Amino acid sequence: MSHTRAELGSRFSTAFVTGASGGLGRAFCECLLSEGVDVWGTARAPERLGIWPGPGRFTAVKLDLNDRRGSEAAFAAASQAAGGAFDLVIHNAGYGLFGAFEQVAVDQWEAQLQAMVVTTMRLNHAALNQFRSRTPAGGTLVNVSSLAVEFPLPYLSGYNVAKAALSALSESLIFETRGSGVTVIDFRPGDYRTSFNQAMSTLAASPDPLLQPYWRTLEANLDAAPAPARAAQDLRRALLRGHSGTVRSGSFFQASLAPLLASLVPASWRRRVQRWYFGGR
Ligand SMILES: NC(=O)c1ccc[n+]([C@@H]2O[C@H](COP(=O)([O-])OP(=O)(O)OC[C@H]3O[C@@H](n4cnc5c(N)ncnc54)[C@H](OP(=O)(O)O)[C@@H]3O)[C@@H](O)[C@H]2O)c1
């Protein structure tokens, strides 16, 4: 048991994880720390991060993806403290905005794309340059996308766009880094029981009754979903395999069966089943 627990620590000395204050990010940090990896974890209010058990050491970092320059400066400072480059960088932070596309204020979804796509791409850029400038070159990048790339979530258009863009970036980097010593993982979780819905619930109080069944289904799905520790175990296995690629994580139905079935039927069938699944019209 103790041998297994040290495995991540023998491959990665240092890791940078965005969105460490709860949910999946917290589970990733706990898993890494428990196997001896030193972790720099971020939150917009770092005092929310608290004290973490080892044996790895935890350093709290203030990072708000809506502050592009501040995010880059925070990553640069943490990298310096970690010896110039991280072994592992997990871009996990993100949030949803629930509402019909035309009802969400333009500034809100633009800010969402700035945070979840543009700033996240800039942080990928910085991490990749660090990996490339090492001798020998190397490092692992994880972009936490979503199964929403394959099964877009109802009334979360900005989120669906952001995750599709992030997966497209990962796919591009998987191609570009082949044989370079750099590993890139496009990590796509299905539903996990986190505070994700609470973080966006203000918009869920939409007066449009057409949207309410979808919101209720989103809430019920997350309530019944697996705990984030399972996603951490899926990511752990992928990190230990050490290959670039797409990793789906979640219940057997969402992460295995649905993608297989969807690949066998026309898109119109997939849309019909999705409408039924979300309890909408
Ligand atoms: N839960 C799911 O079912 C699910 C499914 C697929 C994909 N995902 C993805 O998994 C990732 C983690 O989500 P979660 O479910 O763990 O949600 P969560 O519990 O709400 O955690 C989100 C994390 O992101 C951080 N964050 C949010 N907005 C940020 C911003 N503007 N700048 C910097 N940090 C920000 C939050 O930190 P602070 O608020 O403390 O700053 C928090 O640590 C997200 O990218 C999400 O899209 C989740």
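These numbers come from a predicted model, not from an experiment. When a ligand or atom number is given, it counts from 1 through the structure's own listing order.
Nearest protein neighbour of atom 9 (C) of ligand 1, counting heavy atoms only, is Y159 OH, 3.8 Å. Of the protein's heavy atoms, G190 O, 3.0 Å lies nearest to atom 5 (C) of ligand 1. Considering only non-hydrogen protein atoms, atom 12 (C) of ligand 1 sits nearest to N92 OD1, 3.2 Å. With hydrogens left out, the protein atom closest to atom 22 (C) of ligand 1 is G94 O, 3.7 Å, a heavy atom. For atom 38 (P) of ligand 1, the nearest non-hydrogen atom of the protein is S21 OG, 3.5 Å. The closest protein non-hydrogen atom to atom 34 (N) of ligand 1 is A93 CB, 3.5 Å. Nearest protein heavy-atom neighbour of atom 3 (O) of ligand 1: Y192 N, 2.7 Å. What sits closest to atom 21 (O) of ligand 1 on the protein, heavy atoms only, is G22 O, 4.3 Å.
Here F12 contributes atom CZ and L239 contributes atom CG; the two are 4.5 Å apart, rounded to the nearest 0.5 Å. Atom CZ of R241 sits about 7.5 Å away from atom CD1 of I185, to the nearest 0.5 Å. For the atom pair CG of L32 and CG of D38, the computed distance is 10.5 Å after rounding to the nearest 0.5 Å. Within the model, atoms OG1 of T177 and CZ of F131 stand 10.0 Å from one another, a figure rounded to the nearest 0.5 Å. Note that CZ of R248 and CG of L147 are 7.0 Å apart. Values are rounded to the nearest 0.5 Å. Rounding to the nearest 0.5 Å places CZ of R236 at 5.5 Å from CD of E7.
S71 does not count as a contact of ligand 1, since none of its heavy atoms falls under 4.0 Å from the ligand. Put simply, no part of R26 is less than 4.0 Å from ligand 1, judged by heavy atoms.
If you check the side chains of N92 and T18, you find no donor sitting under 3.5 Å from an acceptor. Remark: the T217 side chain and the Y277 side chain contain no N/O donor-acceptor pair separated by less than 3.5 Å.
Close contacts of ligand 1 with A20, meaning ligand atoms under 4.0 Å from a residue heavy atom, involve 43 (O). Every atom of ligand 1 is numbered from 1 in the order shown, and the set under 4.0 Å from a heavy atom of A43 is 40 (O), 41 (O). In summary, the atoms of ligand 1 found under 4.0 Å from a heavy atom of D64, numbered by their order in the structure, are 30 (C), 31 (N), 32 (N), 33 (C). The atoms of ligand 1 that sit less than 4.0 Å from any heavy atom of L24 are 10 (O), 16 (O), 48 (C). Under a 4.0 Å criterion applied to the non-hydrogen atoms of D191, ligand 1 contributes the atoms 3 (O). Heavy-atom contacts of G23 reach the following atoms of ligand 1: 16 (O), 19 (O) (cutoff under 4.0 Å). Residue-ligand proximity, L63 to ligand 1, at heavy-atom distances under 4.0 Å covers atoms 33 (C). Near N66, with a cut-off below 4.0 Å to any heavy atom, the atoms of ligand 1 are 31 (N).
Considering backbone and side-chain N/O atoms, A115 never comes within less than 3.5 Å of an N/O atom of ligand 1. The N/O atoms of R48, backbone and side chain alike, include one that comes under 3.5 Å of an N/O atom in ligand 1. Residue L147 has no nitrogen or oxygen atom sitting less than 3.5 Å from a nitrogen or oxygen atom of ligand 1, judged on distance alone. By the 3.5 Å distance cut-off applied to N or O atoms, L222 is not counted among the residues near ligand 1.
Taking the six-membered ring for Trp, Y155 and W215 have ring centres at least 6.0 Å apart.
A salt bridge between R134 and D87 is present, with a side-chain N of the basic residue lying under 4.0 Å from a carboxylate O of the acidic one. Salt bridge R26/E30: present, at least one basic N to carboxylate O contact under 4.0 Å.
Of all the heavy atoms of A148, none lies under 4.0 Å from any atom of ligand 1, so neither backbone nor side chain is involved. Residue contacts with ligand 1 for F196 involve both N, CA, C or O and side-chain atoms from C-beta outward (heavy atoms, distance under 4.0 Å). In R188, neither the side chain nor the backbone holds a heavy atom less than 4.0 Å from any atom of ligand 1.
The shortest non-hydrogen separation linking C29 to V39 is SG-CG1, 3.8 Å. Heavy-atom minimum distance, K62 versus P46: CB-CG, 3.6 Å.
Geometric assessment of R57 against the ring of W52 yields a negative cation-pi assignment under the 6.0 Å and 45° thresholds.
By heavy-atom distance, the residue among R44, Q112, Q254, K62 lying nearest atom 28 (N) of ligand 1 is R44.
The aromatic rings of F75 and F86 lie tilted to each other, with the angle between the two planes from 30° to 60°.
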